[in-house]
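Structure record follows, encoded as structure tokens.
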Amino acid sequence: MTSAEHAPRDDRHLPALSCLVAALLFGASTPASKALLGSIGPFTLAGLLYLGGALAVLPISFRGGSAELRRAPKQRWMLAFAVLFGGGIGPVLMLLGLRAASAASVSLWLNAETIATALLAWALFHEHMDRRTVIAIALVLAGGLLLAAPEGAAGWRAGALVALACLCWGLDNNLTALISGFTPAQTTAIKGIGAGTVNLALGLALEGRIPGAAVIAAALAVGAFSYGFSIMLYISGAQQLGASRSQLIFSTSPFLGVLLAWTLLGEPIQPFQIAAAGAMAVGLYVMLTARHEHEHTHEAMHHTHSHRHDDGHHGHVHPGMPAWVRHTHPHDHEPAVHSHPHEPDIHHRHGHD
């Protein structure tokens, strides 16, 4: 074994990279879904997308996690609500909005998910919101208004549906960032099977048509990459970055959706879309460049997630394992008080006066 193989691996940026790849995969789903909606209803399509996602991650979802933590009622309730809002209600609302507006506009409206995640994180889950976050929210909302106004009543209806979908996904993002005991693959598989089965059943009952084999295969393929692998990667990053920060990185996905809508679907480039994209991009940059540091207290905690032992929070020892090796297992944290720059991850859910 060479000396390079003994060198510590700097994977501090791995959570951010996971969220970015997740964003790229999900960004492709908006124009792909727009193309599929011509031959399939929104409930049926939502069901097939999530079932495709579940099938993609199922082979790697049978190991890991903590059986003890999975039995905790709080963990099960959080997962159930994440499935209901993020996998059941949110996708259908988004697809209904997509039927009434262009894929490019809907892609940009999806930036509201970042704002919904941040607001819910602040209001319900003890994440800090500073002045930069408020400015970012205002800019993203301004971009949403720029998108809706030129399209008239249909634009406002579509925008409202997508905004409600983003609210559902914002709640889902906050809940999945806190789920412990289930690995990201397990959470994704459960969400995909539960939401996919219910939506598909509703689609077959309400929409009354069974799509052809080619359409089913295409929907499952889109779901495998844009929902299955994307959700799994996003959850992995969110558990280490916090809901609002991980969602900031994930917010690059709408811009990829816009580019694909302009290029692959041939949708016209509208000046108001460019203006809205600019406002939203500036708002997201303002939020992303914020720095948060103060003295804070850590309570005793027992959970499981991917970690390494040189990050200042995981001091337990595994004989023979270098501190920089990332691994996953249930572990305990002793109470501690210290100060350092931090994100609102699963270790930093303290309040702010």
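Expressed to the nearest 0.5 Å, how far CG of D172 lies from CG of L120 amounts to 11.0 Å. Rounding to the nearest 0.5 angstrom, the gap separating the OG1 atom in T197 from the CG atom in L202 is 11.0 Å. Atom-to-atom distance recorded for N199:CG and L95:CG is 9.0 Å, nearest 0.5 angstrom. The OG1 atom of T30 lies 6.5 Å from the CG atom of L98; values are rounded to the nearest 0.5 Å. Annotation: the span from L200 atom CG to L51 atom CG amounts to 6.0 Å, rounded to 0.5 Å. Rounded to the nearest 0.5 angstrom, I216 CD1 and L36 CG are separated by 11.5 Å.
Environment of CD1 in I210: sparse, with no more than 12 heavy atoms of neighbouring residues, nucleotides or ligands closer than 6.0 Å.
Here the side chain of T44 pairs no donor or acceptor atom with the backbone of I40 at under 3.5 angstrom. Side-chain atoms of S230 come within 3.5 Å of backbone atoms of A22 as a donor-acceptor pair (strictly under, hydrogens ignored). Panel note: side chain S236, backbone M232; no donor-acceptor pair is recorded below 3.5 Å. Side chain of N173 to backbone of G86: no donor-acceptor contact under 3.5 angstrom is found. E207 places a side-chain N or O within 3.5 Å of a backbone atom of F43 that can act as its donor or acceptor partner. Side-chain atoms of Q186 come within 3.5 Å of backbone atoms of T183 as a donor-acceptor pair (strictly under, hydrogens ignored).
Residues S29 and S226 share a closest heavy-atom pair of CB-CB, 3.5 Å. When all heavy atoms are compared, the tightest approach of V57 to A185 is CG2-O, 3.8 Å. Closest approach of C19 to G237, counting heavy atoms only: SG-CA, 3.8 Å. When all heavy atoms are compared, the tightest approach of A261 to P31 is N-CB, 4.3 Å. When all heavy atoms of A158 and G97 are compared, the pair lying nearest together is CB-O, 3.7 Å. Nearest heavy atoms, M94 versus A165: N-CB, 3.7 Å.
Looking at heavy atoms from C-beta onward, Y234 lies out of side-chain contact with S18 at the 4.5 angstrom threshold. For the pair L259 and W262, the minimum side-chain heavy-atom distance is below 4.5 Å. You'll find the side chain of L45 reaches within 4.5 Å of the side chain of S33, heavy atoms only. The closest side-chain heavy-atom distance from P91 to L49 is not below 4.5 Å. A 4.5 Å side-chain heavy-atom check between T187 and T176 finds at least one atom pair inside the cut-off. Counting heavy atoms from C-beta outward, N174 and L124 have side chains that stay 4.5 Å or more apart.
Aromatic rings of F26 and Y227 (six-membered ring for Trp) have centroids within the 6.0 Å cut-off, being under it.
Under the 4.5 Å side-chain heavy-atom criterion for Ile, Leu, Val, Met, Phe, Trp and Tyr, L164 and V198 are members of the same hydrophobic cluster. Each of F182 and F62 belongs to its own hydrophobic cluster when Ile, Leu, Val, Met, Phe, Trp and Tyr are linked at side-chain heavy-atom distances under 4.5 angstrom. Follow the hydrophobic side-chain contacts under 4.5 Å out from I60 and you never reach I193; the two are in separate clusters. Hydrophobic clustering (side-chain heavy atoms under 4.5 Å, transitive across Ile, Leu, Val, Met, Phe, Trp, Tyr) keeps V222 apart from L58.
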